[in-house]
Amino acid sequence: MNERLDRARIEGAVRELLLAVGDDPDRPELARTPGRVAASYAEFFSGIGTDAVAIARDGVVHAEDGDRGQLVIVRDVKFRSMCEHHLLPFIGVAHLAYAPGDQLIGLGTLSRVLDAVASRPQLQERLGEQVAATVAEGLDATGVLVVLDAQHQCVTTRGERQTGSTTVTVAATGTLATPAGRAEAIALIGAGVGTAGGPTAGADHRADHGADA
């Protein structure tokens, strides 16, 4: 939770912005706009000051050797973040992979970690690196890989308006940062191994869902 967010100050800034672009913030259609923007910013930037490593640690459980599997992959996790260059959203999907150490992490926890780190002014490249580092530290995983595929509104709605383009970034740590480890994880993500309700690629399905938090 971002306790530093000042809604009254945001509302005042939005009024000034409307005046600066030549509109009237007091006309009926805009009367509630400053409050709406403040409420949306409270959500967009709720990750400022949040300890994402603590979120990861709260969602881990110990697992025996036969329960961990060699690689756990969660595909198509939806996310949104705010580009710090233009304060416009970028929206996409994340594919998260990790090689377990002594612990597993809940699938829902991975989503919460991603959301906490994404809910800050961000760059996509940095977002992937921070999520990978957070999961690696919180889980003590031997390797983590994060692939982000997102569409940026600063690209689709301004300038050349490339409405069909997306940006893909890859961040990795430990064993999944090696060429062989990274290639294997990316190949499994691309191949779509595992189906909804079926085993996650390379992982023990029962063990991983037992860690869900």
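From a predicted model like this one, the values you see are computed outputs, not experimental measurements.
In terms of the side-chain hydrogen bond (donor to acceptor under 3.5 Å, both in side chains) criterion, residue partners of Ser119 (sequence neighbours excluded) are, by chain and number, Arg80. The ring-ring contact (aromatic ring centres under 6.0 Å, His included) check on Tyr41 picks up Phe45, with sequence neighbours excluded.
Closest non-hydrogen pair, His62 versus Asp102, comes out as ND1-O, 3.3 Å. Of all non-hydrogen atoms in Arg120 and Ala52, the two that sit nearest each other are NH2-CB, 4.2 Å. In this structure, Ala185 and Ala97 approach most closely via the heavy-atom pair CB-CB, 4.4 Å. The two residues Thr134 and Val53 make their nearest non-hydrogen contact at CG2-N, 3.6 Å. Contact record, Ala116 with Thr50: CB-CG2, 4.1 Å, taken as the closest heavy-atom pair. Here the shortest heavy-atom pairing between Val155 and Ser165 reads CG1-OG, 3.6 Å.
Sorted by first then second residue, the salt bridge (charged side-chain N to carboxylate O under 4.0 Å, His left out) pairs that include residues 17-31, not counting sequence neighbours, are Arg15-Asp26, Asp23-Arg27, Arg27-Glu29. Residue pairs meeting the salt bridge (charged side-chain N to carboxylate O under 4.0 Å, His left out) criterion with at least one member in residues 124-142, sequence neighbours excluded, are Arg57-Glu137, Glu84-Arg126. Sorted by first then second residue, the salt bridge (charged side-chain N to carboxylate O under 4.0 Å, His left out) pairs that include residues 162-185, not counting sequence neighbours, number zero. Identified under the salt bridge (charged side-chain N to carboxylate O under 4.0 Å, His left out) test for residues 172-181, with sequence neighbours left out: none.
Note: Leu30 CG to Arg36 CZ = 9.0 Å, rounded to the nearest 0.5 Å. Rounding to the nearest 0.5 Å places CD of Glu43 at 10.0 Å from CE of Met82. Rounded to the nearest 0.5 Å, atoms NZ (Lys78) and CG (Leu114) are 13.5 Å apart. We find the CG-CD1 distance between Leu110 and Ile105 to be 4.5 Å, quoted to the nearest 0.5 Å. Taken to the nearest 0.5 Å, the CD atom of Glu11 stands 11.5 Å off from the CZ atom of Arg32. Taking CG of Leu127 as the start and OG1 of Thr169 as the end, the distance is 7.5 Å to the nearest 0.5 Å.
Evaluated for a side chain to side chain contact (heavy atoms under 4.5 Å, CB included) with Leu145, the options Thr175, Thr173, Val170, Leu71 yield exactly one hit, Val170.
Residue Leu5 is grouped with residue Ile48 when hydrophobic side chains (ILVMFWY) are merged at heavy-atom distances under 4.5 angstrom, including chains of intermediate members. Under a hydrophobic-cluster definition in which Ile, Leu, Val, Met, Phe, Trp and Tyr are linked whenever side-chain heavy atoms come within less than 4.5 Å, directly or via other members, Ile91 and Leu88 are assigned to different clusters. Following chains of ILVMFWY side-chain contacts shorter than 4.5 Å, one cannot reach Val168 starting from Val93, and the two form parts of different hydrophobic clusters. The hydrophobic cluster containing Leu18 also contains Val37, counting ILVMFWY residues as joined when their side-chain heavy atoms lie under 4.5 angstrom apart, directly or transitively. Under the 4.5 Å side-chain heavy-atom criterion for ILVMFWY residues, a single connected hydrophobic cluster contains both Val146 and Val77.
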- [ ] Carefully, step by step, assess Asp76 and His95 under the rule side chain to side chain contact (heavy atoms under 4.5 Å, CB included).
- [x] CA-CA 6 Å; Asp76 299 327; His95 311 295; 3.0 Å; yes
- [ ] Please lay out, stage by stage, how Ile189 and Val147 fare under the test side chain to side chain contact (heavy atoms under 4.5 Å, CB included).
- [x] CA-CA 9 Å; Ile189 290 169; Val147 179; 4.2 Å; yes
- [ ] Output, in order, the C-alpha distance, side-chain angles, deciding distance and verdict of side chain to side chain contact (heavy atoms under 4.5 Å, CB included) for Val117 and Gln122.
- [x] CA-CA 9 Å; Val117 182; Gln122 277 289 9; 3.7 Å; yes
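If you check the side chains of Thr167 and Gln124, you find no donor sitting under 3.5 Å from an acceptor.
Contact check for Leu19 versus Pro25: side-chain heavy atoms found under the 4.5 Å cut-off. The shortest side-chain heavy-atom distance between Val74 and Tyr98 does not fall under the 4.5 Å cut-off.
Using cut-offs of 30° and 60° for the angle between ring planes, the Phe90 and Phe79 rings count as perpendicular.
Between the side chain of Gln103 and the backbone N or O of Leu139, at least one donor-acceptor pair lies under 3.5 Å. With hydrogens and angles ignored, the 3.5 Å screen pairs no side-chain donor or acceptor of Arg7 with any backbone N or O of Ala42.
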